[in-house]
Amino acid sequence: MRIWNHLDIWIVIGYLLLMLGIGLWHRRFANKSMDNFFLGGRKIPGWLNGVSYTAALVSPDAATGYGGLAVATGGFICWWYLSRFGLALFLGGVLFAFFWRRLNLFTSLEFYDLRFPKRAAGIMRLWIALRTSLIAMPAWTGITLLAAYKIMGPAFDLTKFETLCLVVPVSLLFVFSSGYKGVVISNFIQMLIFLAGTLLLLFLTLQHFGGATAMVQAIEHAFGPHSAEILGSIPPEKQEVFPLAAAFGWLIGQSIGYGGDAAPMGGAMEGQRILSTRTPSEALTMYVVAAISMFVLLLLVTLPSISAAVLWPELRQTGADRELVYGRLMKMLLPPGAMGLMVAAMLAATMSTVGDNLNFGSQILVSDIYRRWFVPDRSEKHYLFIGKISMLVILAVSIAVVYNVLIITDVAIFMLSLSAAELPANWAQWWWWRFNGPARIAASFGGAAIFCLVVLGPRLLMYLGVAGAERLVIAWYWQTLLVMGLTTLLWIVVALLTKPDPQPLLQDFYKRARPLGFWKPFRNNGQPGAYRPLRPILKGIFIAIIGTVSVSLFILGLTHAWFARYGTSLLTLLAAIVLFIGFRKMASDYLKELEISTGDRKADAVPYHEQS
């Protein structure tokens, strides 16, 4: 067992005291109102919300899950998160952030009361509230706590119980006191600590091998012909863990439909970030900052893990618990003091995610279940108390996940595949007036049924011993696309075979939201310019693609530098910078056009529908 150095202990204690101080400092502000406790008074800058969103997404499960995937794959591991998050986040930011913030809701689930008839809205709001607060948040919190154990265990021989005793009490006390504003500010500090810790381990890994060139030579010597795959930057056509088809499946399965629901089961609390920003334009800033900061941090975690395959080649074998690799690197390379910093970094990341999930999950439980269905007319002080009780419920379920899950990526893939089923419907509810209540219900519940049939059905048949059942099992990425396609077909048929939603309801929604897309029956005929429903959507998608490509090239450029391909790295980084400058200009102009089209800004010269 590794003995803690006194310096390590004091660094960790100092960090914990700092977090408690921040929580107590914001206690008075947080407890003034529901808006203050759950939305930070709606005055959080976009960039700070972006960093906070990264903190919610990048936790120890990134170091364990992505680290384990990296040691089994190679330089192309970056496409796991670029294909999963890249285009999705930029689509959500460019096409939807403006409209979500403009609605000025308390929780994003209130959208359903605006968009659909009372019965369908009630079913959807209750279902998504239950799914989010009692399934998604406990699952993501649970695997975060499990990841903390997988790092602390190898580093200090801690048990699951000891790890939970170290992390949970401080996290709970902090979020009880600070509310959302304190969480966001602490997230910024925690991400700085996490950045410092991961950078330190990255440089120590390089130093261990004697530099990038020597590291590449060590990989080539250890793995021979297979080293080309490890050093590659594009997923190979055939690969056991992450082939090219898997990257394609992530890209389609997580991007189409993204942004239309700001409380996705497969994601964190986007709606809370959007609704707490000061302006619609800063909601877009949140997405962009989140994408850049998240990808950089994930890269810092995965690069050392790739090189760790030389140290522990057995981790590349099928069945190995690869998710222990980052903890092993910490134990092997970090000197006294640095270990304390790294433990503080992992505690910081854990507290960020746990605090965010508890705050957001309790907001949904209180507002969309407790107040909406059971106790509608009590004081804000009462609802704040119930919110804190809700945190304990979510935490209890999360701890149950810790003791019943072994592999983190299995949970992530299951959650994301299930959420992908209904993603295209999330675009339809914004862009197509004919998408009605029955179609919305069919997408959510029918999609879950189709998921169970396609994904879980073959496994049940195998368990029952049915001959040939194994032939029905397909790769998870093809399962995702198949479930998504069948679900989309289902809700289109249901929408066309059932009556449209009441016209006054749709008219009120259009007047308030002014959504893009096919709303011609409710459009003011006096609006200038030709009616082109697809043009602003396609333009937004193009801008999102430019932003995605720029950030992807930036990550690839840094990956090339890690493997000592310095010329290629420089050219790739220059291309990334040029494209990002173009993205910023186009996105700014696009937001101005949206402001004109919704009446938030007067056109200076040319009406919106006649521009570009």
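Note that the numbering runs from 1 along the sequence shown for the chain. Below, each value reflects all heavy atoms present in this structure, side chains not excepted, and no hydrogens, waters or symmetry copies.
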Point to revise | From W47, Y53, F194, residue fulfilling ring-ring contact (aromatic ring centres under 6.0 Å, His included) relative to F188 | key: W47
Check your understanding: Which heavy atom in T54 sits nearest to a heavy atom in S293, and how many Å separate them?
Key -> OG1-OG, 2.6 Å
**Study point:** Least distance between heavy atoms, L423 atom then G253 atom
**Key:** CD1-O, 3.2 Å
Check your understanding: Mind checking whether T548 and F583 have side chains closer than 4.5 Å, heavy atoms only?
Key -> no
Exercise for review: Output the distance between atom CG (L89) and atom CZ (R84), rounded to the nearest 0.5 Å.
Suggested key: 9.5 Å
Review point. Run the side-chain contact (heavy atoms from CB on, under 4.5 Å) check on L334 and L200 step by step: do they pass?
Key: CA-CA 9 Å; L334 292 178; L200 176 62; 4.2 Å; yes
Check your understanding: What do the steps show when you test Y180 against N49 for side chain to side chain donor-acceptor pair (under 3.5 Å), and what is the final call?
Key -> CA-CA 10 Å; Y180 181 71; N49 256 326; 2.5 Å; yes
Exercise for review: Measure from the side-chain N and O atoms of S255 to the backbone N and O of I252, and report whether any donor-acceptor pair falls under 3.5 Å.
Suggested key: no
Point to revise | Exceeds 12 heavy-atom contacts within 6.0 angstrom, atom CZ of F161 | key: no
Exercise for review: Using atom types as modelled and distance alone, determine if a side-chain donor or acceptor of T568 lies under 3.5 Å from a backbone N or O of R565.
Suggested key: no
Review point. Which distance, rounded to the nearest 0.5 Å, do you find between the CG of L481 and the CH2 of W250?
Key: 11.0 Å
Review point. Donor-acceptor pair, Q254 side chain versus L251 backbone, under 3.5 Å?
Key: no
Practice item. Say whether, by atom type as modelled, one donor and one acceptor occur between the side chain of R273 and the main chain of M286 under 3.5 angstrom. Key: no
Exercise for review: First locate atom CG of L460, then atom CG of L472, and finally report the distance between them rounded to the nearest 0.5 Å.
Suggested key: 11.5 Å
Exercise for review: Dump the intermediate steps for side-chain contact (heavy atoms from CB on, under 4.5 Å) on C78 and Y66, then the final yes or no.
Suggested key: CA-CA 9 Å; C78 62; Y66 283 105; over 6 Å; no
Check your understanding: Ring centres of W80 and F85 under 6.0 Å apart?
Key -> no
Review point. Any side-chain heavy-atom pair from F248 and S83 closer than 4.5 angstrom?
Key: no
Review point. Which atom pair, heavy atoms only, marks the closest approach of P235 to F76?
Key: N-CB, 3.5 Å
**Study point:** Non-hydrogen side-chain atoms of V483 and W478 separated by less than 4.5 Å
**Key:** no
Check your understanding: Could you state the interatomic distance from CD (Q363) to OG1 (T132), rounded to the nearest 0.5 Å?
Key -> 11.0 Å
Practice item. Give a yes or no answer on whether the side chain of W79 reaches the backbone of S233 with a donor-acceptor pair at less than 3.5 Å. Key: yes
Exercise for review: Please list all pairs passing the salt bridge (Lys or Arg N to Asp or Glu O under 4.0 Å) test where one or both residues lie in residues 237-259, with sequence neighbours left out.
Suggested key: none
**Study point:** Aromatic centroids of Y287 and F90 separated by under 6.0 Å
**Key:** no
**Study point:** Side-chain donor/acceptor of R322 to backbone N/O of L69, under 3.5 Å
**Key:** no
Review point. Does the side-chain contact (heavy atoms from CB on, under 4.5 Å) test come out yes or no for T163 and L145, once each step is laid out?
Key: CA-CA 8 Å; T163 304; L145 293 172; over 6 Å; no
Exercise for review: Could you tell me the separation between the OG1 atom of T198 and the CG atom of L298, rounded to the nearest 0.5 Å?
Suggested key: 10.0 Å
Review point. Going by heavy atoms in the side chains, are L311 and R328 under 4.5 Å from each other?
Key: no
Point to revise | Residues that E229 engages under side chain to side chain donor-acceptor pair (under 3.5 Å), provided they are two or more places apart | key: Q239
Check your understanding: For W562 and S569, what are the C-alpha separation, side-chain angles and deciding distance, and is it a side chain to side chain donor-acceptor pair (under 3.5 Å)?
Key -> CA-CA 9 Å; W562 179 257; S569 172; over 6 Å; no
Review point. Considering residues, nucleotides and ligands other than F223, do more than 12 of their heavy atoms fall under 6.0 Å from its CZ?
Key: yes
**Study point:** Minimum side-chain heavy-atom gap I230-R316 below 4.5 Å
**Key:** yes
Exercise for review: Let me see the working for V397 and I135 under side-chain contact (heavy atoms from CB on, under 4.5 Å), right down to the final yes or no.
Suggested key: CA-CA 9 Å; V397 181; I135 299 177; over 6 Å; no
Point to revise | Non-hydrogen side-chain atoms of L48 and P45 separated by less than 4.5 Å | key: yes
Review point. Can you tell if the side chain of L204 reaches within under 4.5 Å of the side chain of P335, non-hydrogen atoms only?
Key: yes
Revision key, fill the gap. Between V71 and A308 the two heavy atoms that sit nearest each other are CG2-C, 4.3 Å
Revision key, fill the gap. Between G46 and T285, the two heavy atoms sitting closest are C-CG2, 4.1 Å
Point to revise | Side chain to side chain, L553 and L573, heavy atoms closer than 4.5 Å | key: no
Check your understanding: What is the distance from atom CG of L574 to atom CG of L579, rounded to the nearest 0.5 Å?
Key -> 11.0 Å
Practice item. List the atom of S133, the atom of I394, and the distance in Å for their closest heavy-atom pair. Key: O-CG1, 3.6 Å
Quick one: side chains of residues 206-220, donor-acceptor pairs under 3.5 Å with protein atoms, not counting sequence neighbours, listed by atom name and distance.
none

